[in-house]
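The structure appears right after this line, and notes come after that.
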Amino acid sequence: MKKFLAILLALLFVVALFGCGSKGTQGGDNKGTTTPPPTSQPTGTGGQQGGGDEGPAFPKVAGYYDPDFDYTKFPRYKVAFLSMTAGESFEAFDIAYANWAKKVNIDYTHMWAPTQYSLEEFLSGMQTFIDQGYNGLILDGGIQNYERVYEILKDQDVEWVSGIGVARASDNRLLRPQIGFDNYGIGKTTVDILVQWKEEAWPDVPWEKVAMLVLDFSYSPDIHIRAVGMEQRWAELFPQFGSYDPAPDKNPENFYIGDIATATNPDQTAAQNLATQFLSNPPKDIEVWLIGTPADLYSVGAANAAEKLGMTDRVCTACQGGGALAGRWDSGIDDAWRFGCITSQQIYGELIINMLWAFMSGQATPDTIYPEWVDVNDKGDVIDENGNVVEEHFIPKVLLPVQVITKDNYKQYLEWSDLYAYGPGEKGDYDYEPVTDINMFPARMDPPESYKIKK
């Protein structure tokens, strides 16, 4: 599909795989618990309110870690991480949050999740933490639920940030700062990766016999825009197949879309079944298949389909994510899932924790933090039925750099993320050969020019 559908229809567990690396095997006790929230407040001591005559009043830049700042000058804030569902990706975020929380003197409670996918249980757990005096919450409550979360929390004495889910209202208005990715750019990069693989692996196969399949999840606008990027990039690279058309039933030749959102359970099995339909019954004579997906589990499904059909060598899938690739490659799995567009949870987690610290300390608000990342066309303004702004906001959308990982570089990238997050010589999340060059990969990127252009 090529049109955005209502965000209320989006499902949480797909958004959970928004292009991040994952480890999920280390980092403290009680990760991924489904037990109820604690019934007593955690103990913790801390300094008095920041400022005074000794050193700067706040970290250098709100929302980023400042290694030269004494965070013990402020109270030891209590923060909990709540997720609607558990899983490897969420556990890896839990590890990252715990690491950065320690650096900024936060008393951190590891991930709590409902016993089942239940909004009411999630909201009840959220209220329990608030009643126990927690200062801040990190919430992965399902992108279809953030409007209700916002209404419940707006008058409560607690600060909160969304995790990897984008906190938007039913009208797609931003409710909270977003830490995320250039989804359109990731889509284009995915096509470039797959095209390069074909040129290297099957240089003699004419492009007329190569098909591009996108496993889309159209219910989520932030995921669907990746599919748009893939289709537009295919049209740019192969004009002989026709131009991009936004109509949902018009695609360039040799470009196909399978929408997993149409499945009853849009999971790995659904992705495998959908990929199998295309691979086993191609619309024309196709010898090589390139498959782009928005999440790890979908590329796993596509790779499984290729393996069962005996097509692994002629199929290549790349995803926006890739955290599970390390474990698969380490265990000797070598199938059609060959690439991932990854961002370490430690890079992501730094901003989540430090943004929340800035809110709790009074250094910044959702309307003042990361001012350079405010998109003039998407900043949370409340607009009436006539298109007039009745309540102006300046809520930012920070984009993180994405790294393409392969079997040749994944160990270096993950060890670099350890170096960035823990420091030289410190034990991190991975046990590969350590790296020492902090500039080996980027941890930041500049805001795009499009943020400044009013549409």
Side-chain angles (χ1 to χ4, degrees), residues 15 18 20 50 56-69 71 74-83 90 92-109 111 126 129 134-141 143 146 149-150 153-154 156-168 174-181 222 343-375 378-380 393-401 420-421 443-447 451:
V15 181
F18 250 41
C20 303
F58 288 108
K60 296 183 184 71
V61 181
Y64 294 96
Y65 176 62
D66 182 354
D68 299 320
F69 183 76
Y71 290 88
F74 281 77
R76 192 163 187 241
Y77 302 118
K78 294 176 293 186
V79 169
F81 171 34
L82 288 74
S83 175
F90 291 105
F93 272 102
D94 191 34
I95 293 171
Y97 296 152
N99 173 54
W100 291 104
K102 181 179 180 181
K103 291 176 181 289
V104 300
N105 194 39
I106 281 177
D107 189 342
Y108 177 75
T109 296
M111 182 174 67
M126 184 178 72
F129 280 107
Y134 275 70
N135 307 104
L137 301 175
I138 303 169
L139 303 175
D140 268 306
I143 58 176
Y146 279 118
V149 167
Y150 177 82
L153 296 183
K154 67 178 182 179
Q156 304 234 31
D157 187 21
V158 66
E159 296 291 346
W160 70 279
V161 295
S162 62
I164 52 179
V166 184
R168 293 184 181 271
L174 272 177
L175 298 173
R176 224 59 179 169
Q178 173 188 349
I179 310 299
F181 313 98
D222 291 281
T343 296
S344 165
Q345 273 95 344
Q346 292 288 356
I347 303 300
Y348 208 119
E350 177 191 3
L351 273 67
I352 294 291
I353 287 292
N354 285 275
M355 174 169 55
L356 185 55
W357 189 95
F359 295 164
M360 294 185 295
S361 69
Q363 184 182 12
T365 71
D367 278 298
T368 64
I369 200 163
Y370 309 125
E372 70 277 17
W373 285 101
V374 174
D375 181 348
D378 184 20
K379 57 191 183 70
H393 287 280
F394 299 91
I395 300 173
K397 299 186 305 182
V398 182
L399 303 182
L400 300 176
Y420 181 89
R444 301 279 183 271
M445 60 184 295
D446 296 325
Y451 273 35

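The shown structure was predicted, so the numbers you read here are calculated from the model rather than taken from an experiment.
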Heavy-atom side-chain contact between Leu139 and Ser162 under 4.5 Å: no

Side-chain heavy-atom pair Tyr77, Leu356 within 4.5 angstrom cut-off: no

Shortest non-hydrogen separation from Pro401 to Met445 and the atoms involved: N-SD, 3.7 Å

Side-chain heavy atoms of Tyr348 within contact of Phe181, under 4.5 Å: yes

Side-chain heavy atoms of Ile179 within contact of Val161, under 4.5 Å: no

Nearest atoms (heavy-atom pairs only) where Trp160 meets Ala167: CH2-CB, 4.2 Å

Between CZ on residue Phe129 and CG on residue Leu137, distance to nearest 0.5 Å: 8.0 Å

Residue pairs, two or more places apart or on separate chains, that pass side-chain hydrogen bond (donor to acceptor under 3.5 Å, both in side chains) and touch residues 59-68: Lys60-Asp66, Lys60-Asp68

Within-4.5 Å side-chain heavy-atom neighbours: Asp140 and Phe81: yes

Student check: side-chain heavy atoms of Ile106 and Tyr97 closer than 4.5 Å: no

Interatomic spacing from CD1 in Ile352 to CZ in Phe93 - rounded to 0.5 Å: 7.5 Å

Gap between atom CD1 of Ile347 and atom OH of Tyr420 - 0.5 Å precision: 5.0 Å

Trp357 vs Gln363, side chain to side chain contact (heavy atoms under 4.5 Å, CB included): CA-CA, chis, key distance, verdict: CA-CA 8 Å; Trp357 189 95; Gln363 184 182 12; 3.7 Å; yes

Side-chain touch Leu153/Met126, heavy atoms, less than 4.5 angstrom: yes

Heavy-atom pair of closest approach, residues Pro396 and Leu174: O-CD1, 4.4 Å

Test item: Thr368 side-chain N/O and Ala364 main-chain N/O as donor-acceptor pair under 3.5 Å: no

Criterion side chain to side chain contact (heavy atoms under 4.5 Å, CB included) on Thr109 and Lys78, from CA distance to verdict: CA-CA 8 Å; Thr109 296; Lys78 294 176 293 186; over 6 Å; no

Residue list, side chain to side chain donor-acceptor pair (under 3.5 Å) with Asn99, at least two apart or on another chain: Gln346

Value rounded to 0.5 Å, distance of CD in Glu159 from OG1 in Thr365: 9.0 Å

Heavy-atom closest pair, residues Gly380 and His393: O-CD2, 3.1 Å

Any side-chain donor near an acceptor of the partner, Asp107 and Tyr134, under 3.5 Å: no

Interatomic spacing from CG in Asp367 to CD1 in Ile395 - rounded to 0.5 Å: 5.5 Å

Ile164 side chain reached by Phe90 side chain, heavy atoms, under 4.5 Å: yes

Interatomic distance, Asn135 atom CG to Asp157 atom CG [nearest 0.5 angstrom]: 8.0 Å

Under 3.5 Å: donor-acceptor pair, side chain of Tyr451, backbone of Lys397: yes

Side chain Lys103, main chain Tyr71, donor-acceptor under 3.5 Å: no

Aromatic ring proximity Phe58/Phe74, centre distance under 6.0 Å: yes

Shortest non-hydrogen separation from Tyr146 to Leu175 and the atoms involved: O-CD1, 3.9 Å

